[in-house]
Amino acid sequence: MRTNFEELIPQRVLFNLKEVEELGILKIDMAKKLIMKSKLEFVKIGNKIHLSRTEVIRYLEANLVPANT
């Protein structure tokens, strides 16, 4: 069975890093490291960093380790 992130992640266009952390997806520090290593695509609005819902789902799916069944 595969995790359906489309159902789990709230229907929004952008999430700031605090919201991503509150969802339990990534800690802010880890997200910043991934951004600096160009592993996460981001949008900067003013001085705040935002991640798109699509990018969050892409990251989760790319790092999913399937269970052995």
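The structure presented is a predicted model; accordingly, all values stated were derived computationally and were not measured.
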Requested in this report: Look at the side-chain heavy atoms of Ile, Leu, Val, Met, Phe, Trp and Tyr, link any pair under 4.5 Å apart, and say whether Met30 and Met36 land in one connected group.
Outcome: no

List the atom pairs, with distances to 0.1 Å, where a side-chain N or O of residues 53-63 and a protein N or O form a donor-acceptor pair under 3.5 Å, not counting sequence neighbours.
unit_1, atom_1, unit_2, atom_2, d
Arg53, NE, Ile9, O, 3.4
Arg53, NE, Pro10, O, 2.9
Arg53, NH1, Glu6, OE1, 2.9
Arg53, NH2, Glu6, O, 2.6
Arg53, NH2, Ile9, O, 3.1
Glu55, OE1, Arg58, NE, 3.1
Glu55, OE2, Glu41, N, 2.9
Glu55, OE2, Arg58, NE, 3.3
Glu55, OE2, Arg58, NH2, 2.7
Arg58, NH2, Lys39, O, 2.9
Asn63, ND2, Tyr59, O, 2.8

Query raised in the report: What residues, two or more places apart in sequence or in another chain, satisfy side-chain contact (heavy atoms from CB on, under 4.5 Å) together with Asp29?
Result: none

Which donor-acceptor pairs under 3.5 Å do the side chains of residues 14-27 make with protein atoms, sequence neighbours left out?
unit_1, atom_1, unit_2, atom_2, d
Asn16, OD1, Lys18, N, 3.1
Asn16, OD1, Glu19, N, 2.8
Glu19, OE1, Arg12, NH2, 3.2
Glu19, OE1, Asn16, N, 2.9
Glu19, OE2, Arg12, NH1, 3.3
Glu19, OE2, Arg12, NH2, 3.2
Glu21, OE2, Ile28, N, 3.4

Query raised in the report: Who else is in Val65's hydrophobic cluster (ILVMFWY, side-chain heavy atoms under 4.5 Å, direct or via others)?
Result: none

